[in-house]
Trainee: 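The structure follows.
Lettering follows sequence order; numbering is per chain, from 1.
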Amino acid sequence: SAVISQKPSRDICQRGTSLTIQCQVDSQVTMMFWYRQQPGQSLTLIATANQGSEATYESGFVIDKFPISRPNLTFSTLTVSNMSPEDSSIYLCSVGAGGWEGHNEQFFGPGTRLTVL
Amino acid sequence: KQEVTQIPAALSVPEGENLVLNCSFTDSAIYNLQWFRQDPGKGLTSLLLIQSSQREQTSGRLNASLDKSSGRSTLYIAASQPGDSATYLCAVGSFYGNNRLAFGKGNQVVVIP
């Protein structure tokens, strides 16, 4: 398994500002994933963050809005830029552990609950 | 695009009854399927992982089955307890997707003491 921590656990932000969310893993992993869970909805993948290369974004998500850093094999940040109330969600990071990293069990952090006023 | 559906969206059962949660997916080219539990306002806890070559997985009171050809998985929770009250999420790992998961909207479960 993998133990994942996220900071902050929650925040309330003003429209137009930016928030950076940190994700720390207790083991080295090549791929880290960022998901969004809007109120009453399921999880949607935002991007895959690989160490040493640019993040790969899913359809509907762009780097200018959600810049990601991946400075080493245990850490990543997601920034939510120029926020609007529609960005109010839970943001979760995840990693795979055990077996072949391309298709193994996924573990999730506790999430960051963001409210934009 | 993989579509994952979970039925029923919500259910309430008396304590001691068995729970049956259903998950269906549209693309059978999957690598694995994972069941998670989510408590209100919290992250996800992994419950069971089933590889595409497997038919079922068991952990304690939990049993998950997989029928890849028909695009279905079922999570059974035996002898439900109030502590089982949570949302259960089904997530499908694409064969081509490098661990990218497609999630259903979840089964919201309330176990009544």
Trainee: Flag yes if Phe66(A) and Leu92(A) sit in one hydrophobic cluster, no otherwise; membership is Ile, Leu, Val, Met, Phe, Trp, Tyr, and two members link when side-chain heavy atoms are under 4.5 Å apart.
Mentor: no
Trainee: Using non-hydrogen atoms and a 4.5 Å limit, figure out which bit of Gln38(B) sits close to chain A: side chain, backbone, both or neither.
Mentor: side chain
Trainee: Does Phe25(B) share a hydrophobic cluster with Leu21(B), counting links as ILVMFWY side-chain heavy atoms below 4.5 Å and allowing steps through other members?
Mentor: yes
Trainee: Kindly indicate whether the side chain of Phe107(A), heavy atoms from C-beta on, has any atom under 4.5 Å from the side chain of Thr45(B).
Mentor: no
Trainee: What part of Leu44(B) is in contact with chain A, defined as an atom under 4.5 angstrom from a non-hydrogen atom: side chain, backbone, both or neither?
Mentor: both
Trainee: Please check if the number of heavy atoms outside Gln108(B) that lie under 6.0 Å from its CD is greater than 12.
Mentor: no
Trainee: Counting only non-hydrogen atoms closer than 4.5 Å, does Leu43(A) touch chain B with its backbone (N, CA, C, O), its side chain (CB onward), both, or neither?
Mentor: both
Trainee: To the nearest 0.5 Å, how far apart are CZ in Phe108(A) and CG in Leu89(B)?
Mentor: 9.0 Å
Trainee: Once rounded to the nearest 0.5 Å, what's the spacing between atom CD of Gln37(A) and atom CZ of Phe103(B)?
Mentor: 8.5 Å
Trainee: Are more than 12 heavy atoms, taken from residues, nucleotides or ligands other than Glu58(A), located less than 6.0 Å from that residue's CD atom?
Mentor: yes
Trainee: Can you measure from OG (Ser94(A)) to CZ (Phe36(B)) and round to the nearest 0.5 angstrom?
Mentor: 7.5 Å
Trainee: Let me check something: do Val109(B) and Tyr76(B) share a hydrophobic cluster, defined by ILVMFWY side-chain heavy atoms less than 4.5 Å apart, either directly or through other members?
Mentor: no
Trainee: Strictly by modelled atom types, are Ser46(B) and Glu105(A) linked by a side-chain donor-acceptor pair under 3.5 Å?
Mentor: yes
Trainee: Check for me, please, whether Met32(A) and Leu73(A) land in the same ILVMFWY cluster - side-chain distances under 4.5 Å, paths through other members count.
Mentor: no
Trainee: Please check if atom CZ in Arg61(B) has more than 12 non-hydrogen atoms from other residues, nucleotides or ligands closer than 6.0 Å.
Mentor: yes
Trainee: Could you look at Lys105(B) and say if it's the side chain, the backbone, both or neither that has a heavy atom under 4.5 Å from chain A?
Mentor: both
